[in-house]
There are 2 protein chains.
Amino acid sequence: MAWNFDNDRPIYSQLVEILQTQIVSGEYKPGDKLPSVRELAITAAVNPNTMQRAFSELEREGLVSTNRTTGRTVTEDPALISEVRKELASNHVTCFFRKMKELGYTNEEITALTSEAATREENE
Amino acid sequence: MAWNFDNDRPIYSQLVEILQTQIVSGEYKPGDKLPSVRELAITAAVNPNTMQRAFSELEREGLVSTNRTTGRTVTEDPALISEVRKELASNHVTCFFRKMKELGYTNEEITALTSEAATREENE
DNA sequence: TTTATTGTATTAGTAGCTTAATACAGTAAT
DNA sequence: ATTACTGTATTAAGCTACTAATACAATAAA
């Protein structure tokens, strides 16, 4: 997993997105123990405070739960994970369409470009 | 045109994106005179300096040219505009696929979701 | 010639993000 | 009991983005 950050956006919110993705994609399973704040901060090469802030967001969403002395674990609720996954995907689709339409592309052109990209990726 | 900004990203780079989109989508035609920095700053409700910074970026790309005393105009080169438009679209497609794959979606699922979204938008 | 408008530059102040260096309280393992 | 690890909180510093308030030179219009 790469920990590449855009210069254009706050690192803590990029950390939220990365961790969200790792959880809903199954990289971390329900109930899995997560690495500690300090450990993950070293891995991502960010300050522990920044990682802490990202985790606070994830906890607010319910994706992780915190046990003050034993560390953090991924939620045991697969339905919640699945729900978040669908919502993130839906957001991506909506955002993608909005941007393409702003550029003046039609629905047909968008689906065509998408199919092309899909078949192009098949051969890699 | 809405001038809504994310809190999560610098305003000047969002201004660049918006102006880029307005130009390549044909909202401003090749050779069109653009509103002045001060005028656009009022319209977008940002500081003139911030708008100025956005324009500097656009000029670096060649999309607009500056005449120090008469104002700015959109490039007369339709090929450049078309090229930028295609590049922006291509970036959107690539970025969309990357995000969806990170969530664990397959090519088939991505194209299916895209088609659904397209047909859904037809009926609105 | 005067006036208004253009882009551009400068300086200062505010706010948010990030890092750094600590410190504290609770728990598991030894 | 001691040790090591957990999450959490605090304070200070540096950096960038943004706003604000100007000022200047060049041109078009009156």
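The structure presented is a predicted model; accordingly, all values stated were derived computationally and were not measured. So you know, we letter chains A, B, ... as the sequences are listed, proteins then strands, and number each from 1.
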Counting side-chain heavy atoms from CB outward, which of [options] is closest to [X]?
X: Pro10(B); options: dA20(D), dA17(D), dT8(D); result: dA17(D)
X: Val37(B); options: dT6(D), dG7(C), dA20(C); result: dG7(C)
X: Ser36(B); options: dC17(C), dA20(D), dG7(C); result: dG7(C)

Check the distance between [N]'s [atom2] and [X]'s [atom1] and give it to me in whole angstrom.
X: Asn47(B); N: dT8(C); atom1: CG; atom2: P; result: 15 Å
X: Glu59(B); N: dT6(C); atom1: CD; atom2: C1'; result: 13 Å
X: Gln52(A); N: dC17(C); atom1: CD; atom2: P; result: 16 Å
X: Asn7(A); N: dC17(C); atom1: CG; atom2: P; result: 16 Å
X: Phe55(B); N: dT8(C); atom1: CZ; atom2: P; result: 10 Å
X: Asp8(A); N: dC17(C); atom1: CG; atom2: P; result: 15 Å
X: Lys33(A); N: dC5(D); atom1: NZ; atom2: P; result: 12 Å
X: Met51(A); N: dA20(C); atom1: CE; atom2: P; result: 14 Å

Determine yes or no for a side-chain-to-main-chain donor-acceptor pair under 3.5 angstrom, with Thr75(A) supplying the side chain and Asp77(A) the backbone.
->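 Judged by distance alone, yes, a pair lies under 3.5 Å.
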Is there a donor-acceptor pair closer than 3.5 Å between any side-chain N or O of Gln20(A) and the backbone N or O of Leu58(A)?
->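 Answer holds: no.
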Sort and list the pairs that fulfil salt bridge (Lys or Arg N to Asp or Glu O under 4.0 Å) and have at least one residue in residues 51-60 of chain A, not counting sequence neighbours.
->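 Sorted result for residues 51-60 of chain A: Glu57(A)-Arg60(A).
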For residues 41-50 of chain B, please give each side-chain donor-acceptor pair under 3.5 Å, one per line with the distance, not counting sequence neighbours.
residue: Thr43(B); atom: OG1; partner: Glu39(B); partner atom: O; Å: 3.0
residue: Asn47(B); atom: OD1; partner: Asn49(B); partner atom: N; Å: 2.9
residue: Asn47(B); atom: OD1; partner: Asn49(B); partner atom: ND2; Å: 3.2

Reading nucleotides 22-30 of chain C from the 5' end, what letters show protein touch, with B for base, S for backbone sugar-phosphate only, - for no heavy atom under 4.0 Å?
-> -B--BSS--
Polar contact flag, side-chain donor to acceptor under 3.5 angstrom, Thr111(B)-Ser115(A) |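 Not at all, the side chains of Thr111(B) and Ser115(A) share no donor-acceptor pair under 3.5 Å.
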For Gly71(A) and Ser13(B), take the nucleotide of DNA chain D holding the closest heavy atom to each; which residue's nucleotide lies nearer the 5' end?
->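 Nearest-nucleotide comparison on DNA chain D picks Gly71(A).
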Checking all strands, does Tyr12(A) fall into the base, sugar-phosphate, or nothing category for heavy-atom contacts under 4.0 angstrom?
->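 Sugar-phosphate, backbone atoms only, no base.
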Ionic contact status for Lys29(B) with Asp32(B), cut-off 4.0 Å |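 Salt bridge flag = no for Lys29(B) with Asp32(B).
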Short side-chain N/O contact to [N] OP1/OP2 from [X], under 4.0 Å:
X: Thr50(B); N: dT19(D); result: yes
X: Arg72(A); N: dT6(D); result: no
X: Thr66(A); N: dG7(D); result: no

For residues Leu40(A) and Pro35(A), report the shortest heavy-atom separation together with the two atoms involved.
->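 In this case the closest contact between Leu40(A) and Pro35(A) is CG-CB, 3.7 Å.
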